[in-house]
Amino acid sequence: MDRPGMEILLVEDNAGDAVLIRQVLAEGSVPVNLHIARDGEQALALLDGEDFRPTLIILDLNIPRIPGVSLLERWRTNDIPVVVFTSSQIAAEKTRVLALGAREFIEKPTDIAAFIRALRGIVERWSGDNKGAALGA
């Protein structure tokens, strides 16, 4: 059963990360309805549909079919924040995605506790009244 709260689109091809993210968000303080796209093509199909308007998009860059950077180039909106949550450590990619409109670029921590803290921080910063607080993050 859906609960009221943030509608989050997670664009993530790593099944292990997707399961962990679903679990962390389900246990968080902010109610979340999580929708998962396994690649950029699925994400674009969801975003182009008229019935789906997520509150937040959490985007991995290293995804199949349409990579994260290409997805940002093809689909632009100023009203839905995109947070890049990726294992990429390439400075040029960070610069590029922020120039394309991503609101934050966060490297996925390899430590599980840090991963959970980072993910919860993303949701807390972008929930409800806190949306503006993330701009300086």
Side-chain angles (χ1 to χ4, degrees):
M1 181 169 95
D2 284 348
R3 55 187 179 155
M6 294 181 74
E7 295 288 332
I8 296 179
L9 174 59
L10 172 65
V11 187
E12 173 63 69
D13 67 314
N14 181 303
D17 282 356
V19 167
L20 178 59
I21 290 168
R22 182 179 294 282
Q23 181 179 349
V24 168
L25 295 182
E27 296 170 357
S29 61
V30 176
V32 166
N33 293 318
L34 186 66
H35 309 266
I36 299 175
R38 300 285 184 199
D39 59 49
E41 210 170 76
Q42 267 187 353
L44 280 177
L46 281 169
L47 292 168
D48 286 340
E50 298 200 10
D51 297 333
F52 181 61
R53 297 299 294 165
T55 320
L56 175 68
I57 299 168
I58 299 175
L59 174 65
D60 184 17
L61 293 182
N62 304 314
I63 52 175
R65 296 197 178 147
I66 300 173
V69 173
S70 297
L71 188 140
L72 284 170
E73 289 170 344
R74 292 185 190 190
W75 185 84
R76 288 194 176 190
T77 181
N78 292 328
D79 61 338
I80 301 173
V82 176
V83 174
V84 172
F85 190 54
T86 187
S87 57
S88 174
Q89 298 178 351
I90 301 169
E93 272 191 331
K94 177 178 182 177
T95 301
R96 180 80 177 124
V97 299
L98 292 173
L100 288 170
R103 306 286 177 89
E104 289 187 272
F105 182 101
I106 299 170
E107 284 182 33
K108 282 182 190 172
T110 54
D111 173 74
I112 190 72
F115 185 99
I116 291 168
R117 281 192 307 274
L119 190 57
R120 286 190 177 150
I122 291 168
V123 172
E124 288 168 8
R125 281 192 301 279
W126 290 100
S127 66
D129 297 331
N130 296 325
K131 287 182 182 178
L135 295 177

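Below, all heavy atoms of this structure are taken into account, side chains as well, without hydrogens, waters or symmetry copies.
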(message) Assigning hydrophobic clusters by single linkage (Ile, Leu, Val, Met, Phe, Trp, Tyr; side-chain heavy-atom cutoff under 4.5 Å), is Val82 placed with Ile106?
(response) no
(message) According to salt bridge (charged side-chain N to carboxylate O under 4.0 Å, His left out), does anything in residues 82-91 pair up with another residue at least two apart or in another chain? List the pairs.
(response) none
(message) Quick check for you: to the nearest 0.5 Å, what is the distance between Leu47 atom CG and Trp75 atom CH2?
(response) 4.5 Å
(message) Run the salt bridge (Lys or Arg N to Asp or Glu O under 4.0 Å) test against Asp13 and tell me which residues pass, sequence neighbours left out.
(response) none
(request) Identify, with sequence neighbours excluded, every residue that meets salt bridge (Lys or Arg N to Asp or Glu O under 4.0 Å) alongside Glu107. (result) none
(request) Please answer: with hydrophobic residues joined when any side-chain heavy atoms are less than 4.5 Å apart, are Leu20 and Ile122 in the same cluster? (result) yes
(request) Output all residues satisfying side-chain contact (heavy atoms from CB on, under 4.5 Å) with Ser70, sequence neighbours left out; order by chain, then residue number. (result) Ile66, Pro67, Glu73
(message) I'd like to check the side-chain contact (heavy atoms from CB on, under 4.5 Å) partners of Ile116; sequence neighbours left out, ordered by chain and number.
(response) Val24, Ile112, Arg120
(message) Going by the rule ring pair (Phe, Tyr, Trp, His ring centres under 6.0 Å), which residues pair with Phe115 if we only count those two or more places apart in sequence or in a different chain?
(response) Phe85
(message) Once side-chain hydrogen bond (donor to acceptor under 3.5 Å, both in side chains) is applied, what residue pairs with a partner in residues 42-54 remain, sequence neighbours excluded?
(response) Arg53-Asp79
(request) Quick one: pull up CD in Glu7 and CG in Leu56 and give me the separation to the nearest 0.5 Å. (result) 11.0 Å
(request) Not counting sequence neighbours, which residues clear side-chain contact (heavy atoms from CB on, under 4.5 Å) with Ala114? List them please. (result) Pro109, Asp111, Arg117
(message) Please enumerate all residues that pass side-chain contact (heavy atoms from CB on, under 4.5 Å) together with Leu46, with sequence neighbours excluded.
(response) Leu9, Ala37, Phe52
(request) Would you please name every residue forming a side chain to side chain donor-acceptor pair (under 3.5 Å) with Asp17, sequence neighbours left out? (result) Lys108
(request) Can you sort out the partners of Arg74 under side chain to side chain donor-acceptor pair (under 3.5 Å), two or more places apart, ordered by chain and number? (result) none
(message) Which residue in the set Leu44, Asp60, Ile57, Ile36 passes side-chain contact (heavy atoms from CB on, under 4.5 Å) when paired with Val11?
(response) Ile57
